[in-house]
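The structure appears right after this line, and notes come after that.
If you're wondering where the values come from, they're calculated on a predicted model, not measured in any experiment. Below, chains carry the letters A, B, ... as their sequence lines are ordered, and counting in each starts from 1.
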Amino acid sequence: MALELSEQEQFRRNSLEELYKLGIDPYPAESYPVNVSTHEIHEQFQADQTKFQEVCIAGRIMTRRIMGAASFVDLQDSTGRIQLYIKRDDICPGEDKTLYNTVFKRLMDIGDIIGIKGYVFITQMGEISIHVRELKILCKSVKPLPVVKEAEGQTFDAVTDPEFKYRQRYADLIVNPAVREVFVKRTRMVNIIRDFLNAQGALEVDTPVLQSIPGGAAARPFITHHNALDIPLYLRIANELYLKRLIVGGFDWVYEFSRDFRNEGMDRTHNPEFTILEFYVAYRDYFWMMEQTEQMLEKIAMGLHGTAEVPVGEKMISFKAPFRRLPIYDAIKEYTGVDAAAMDENELRAACKSLGIEVDETMGKGKLVDALFGEKCEHHFIQPTFIIDYPVEMSPLTKKHRSKPGLVERFELMINGKEIANAYSELNDPIDQRDRFEDQVKLMERGDDEAMFIDYDFLRALEYGMPPTAGIGIGIDRLAMLMTNQVSIQDVLLFPQMRPEKKVVANLASDADFMAIGIPEAWVAVVRKAGFKTPAEVKSANPNKLLHELSGLRKKLKLEIPSLKIEEVQAWCN
RNA sequence: CUCUCCGUAGCUCAGCUGGUAGAGCAAUUGACUCUUAAUCAAUGGGUCACAGGUUCGAAUCCUGUCGGGGAGACCA
């Protein structure tokens, strides 16, 4: 007897044994020739009831209603659910009723995967169902699923525990259809973007995830090590510098859905790995990029919702182009009254302090403006707004503004108070780029641990000449949150990062190890059940308490093994 | 890293100012040939997250640990 299993898990393992004894393989190898989906049946049967008279379909048993010799089962496949009607004498036409009485009623459970053949009909209660003629088990489930019930749009006992949902997404997906919808929508969103870009001749590319210089953004990277080269490598924090190398190489428009990694805090909008769409287009500038962005977002909203108005929490967000455009200094003036454009670093620092923003000496002008905007302005921009024309200090890869000194041609797209995209006219002056990198080094020397490294290979590429280029990065996870109305990034990631579960100790010590200190074979499993993982733990236990505990378990589990005496237990411990 | 809330059966949750564990669903056995949160009857199922402490007695009070949520700090 496996002591670590719950009662229900034990029952299901027993059912497995019985199936084998009946000569039924609960995990058959051959393919099952499904010829229809539940969705197709629901969509088409009402209109033409002569269809679907020979269906073969498979899925998971979600609920059962057994009434003696007839039963109803809700079967769930990848497209939805359908009710099955199973009549004993139909699936067991002869004398032998084992398949119904024993296999179906006793040995099958919620969660099992079955295949059936039959015909579609409508029950007296008006529900489209399948009358089953043949029934076959395709996979026996030995772990009980959470049971969620639904009726008339209401859901009962839905699993809401985030830990369960995120750690066991597979079970979450089985049991909560709305979760599946979110991820289907996310993928549709990505497909819309891909179509939008491909239709204009963009080329999807792959660039390195392992980089020897983590460039293209300001963030702390993950570090790993390559054994053969014996060098440190970094997981990318951005792919910007690689995509721009490709523009140098002569591609006009490249893009990549880039999985980036940043070794920073985790919260409802940050996961250590996340997806950014970056794309770069030769001979364009940031004004052009704003138009592209508007069009693309409107297209996504229309594609997913059929309208540009998308509900997000209590609000409605309109993705109807064009979006508002507002210079960052105007935004700061609007919400704080501070005229940051006219200030030098020290005046800015003073202004921040007077507004209660924490500042320190490592912060240059760029970071101060960033702090001012982030603290006091960002959250006000609910409807899509392009914040434009940033100070040069906070944008080391951006081209200087064509007419406004001290600024760069950059925009960030704010939606629902969060940054969704960041774009600019790319800096293609190699001399200027070298200077900007060197400024970053100075910031690093001042203690800014996010300042960028100098990427000399990237500089070499720029020296060959990069056409004027517009580039953008769009946070795909955050966009997915908006488009699916989810408040947490974990809800748009199939497998969000979690602290590992505490190790369920598997065979740290063998039975023989326990027996070596004198524990009788029959008691080893009981000792384990009592929570002892190694003989050493037994040795250091209080013998009286241990005896009590083991005796209690023996009684509780009704074990037919001889009882223990205190002398025996003392002999193990000492 | 700080604050705060939470951890009770497979699932959803009760459990009062300490008196030794409860419900619904799920499970087991039985009844029932069109049910749909099927119904009816009976039954089993818990080291109350873990480890200490206080107490005659702890799911309950205290301390610590682990895991999770939320808020902040940090972070484009």
Task: Nucleotide nearest K149(A) when distance is taken to its side chain, options rU29(B), rU33(B), rA26(B) - done: rA26(B)
- [ ] Give a yes/no on whether any side-chain N or O of Q490(A) is located under 4.0 angstrom from OP1 or OP2 of rG69(B).
- [x] yes
Open item on the list: By nearest atom, which of the nucleotides rU35(B), rU33(B), rA76(B) is closest to the A69(A) side chain?
Closed with: rU33(B)
TODO: Pick out which of L135(A), L22(A), I91(A), I137(A) makes a side-chain contact (heavy atoms from CB on, under 4.5 Å) with V103(A).
DONE: L22(A)
TODO: Would you mind telling me which of rC11(B), rC34(B), rU29(B) lies closest to the side-chain atoms of P146(A)?
DONE: rC11(B)
Task: Nearest-angstrom distance from the residue atom CZ of F274(A) to C1' of rA76(B) - done: 9 Å
Task: S6(A) side-chain proximity, nearest of rU35(B), rG10(B), rU12(B) - done: rG10(B)
TODO: Send over the distance from I130(A) CD1 to rC34(B) P, rounded to a whole Å.
DONE: 19 Å
- [ ] Hunt down the Watson-Crick or G-U wobble partner of rG57(B), both distances under 3.5 Å, from any strand shown, or write none.
- [x] none
Task: Phosphate contact (rC74(B) OP1 or OP2) by R220(A) side-chain N/O below 4.0 Å - done: no
Task: Close aromatic pair by centroid cut-off 6.0 Å: F386(A) and F381(A) - done: no
TODO: Taking only the side-chain nitrogens and oxygens of R167(A), find out if one of them lies under 4.0 Å from OP1 or OP2 of rG68(B).
DONE: yes
Task: Integer-rounded Å distance: rA38(B) C1' and D74(A) CG - done: 11 Å
Open item on the list: Tell me whether R410(A) forms a cation-pi arrangement with Y390(A), defined as NZ or CZ under 6.0 Å from the six-membered ring centre and within 45 degrees of its axis.
Closed with: yes
Open item on the list: Starting the side chain at C-beta, find the nucleotide from rU12(B), rA76(B), rC34(B) nearest to V159(A).
Closed with: rU12(B)
Task: Among rG70(B), rC32(B), rU35(B), the one nearest R268(A) by side-chain distance - done: rG70(B)
- [ ] Please check the phosphate of rA38(B) (OP1 and OP2 only) for any side-chain N or O of R65(A) closer than 4.0 Å.
- [x] yes
Task: Nearest to side-chain heavy atoms of D161(A), which nucleotide of rU28(B), rC32(B), rU12(B) - done: rU12(B)
Task: Listed nucleotide nearest any side-chain atom of K87(A), set rU28(B), rC32(B), rU33(B) - done: rU33(B)
TODO: Establish, yes or no, whether a centroid distance under 6.0 Å links the rings of F72(A) and Y85(A).
DONE: yes
Task: SB check R133(A) D90(A) (cutoff 4.0 Å) - done: no
TODO: Please determine, for the side chain of M67(A), which listed nucleotide (rA27(B), rU33(B), rG69(B)) has the closest atom?
DONE: rU33(B)
Task: side-chain N/O R81(A) vs rU36(B) OP1/OP2, d < 4.0 Å - done: no
Task: Side-chain-base donor-acceptor pair under 3.5 Å for E7(A) and rA27(B) - done: no
Task: Listed nucleotide nearest any side-chain atom of D89(A), set rC11(B), rU33(B), rA76(B) - done: rU33(B)
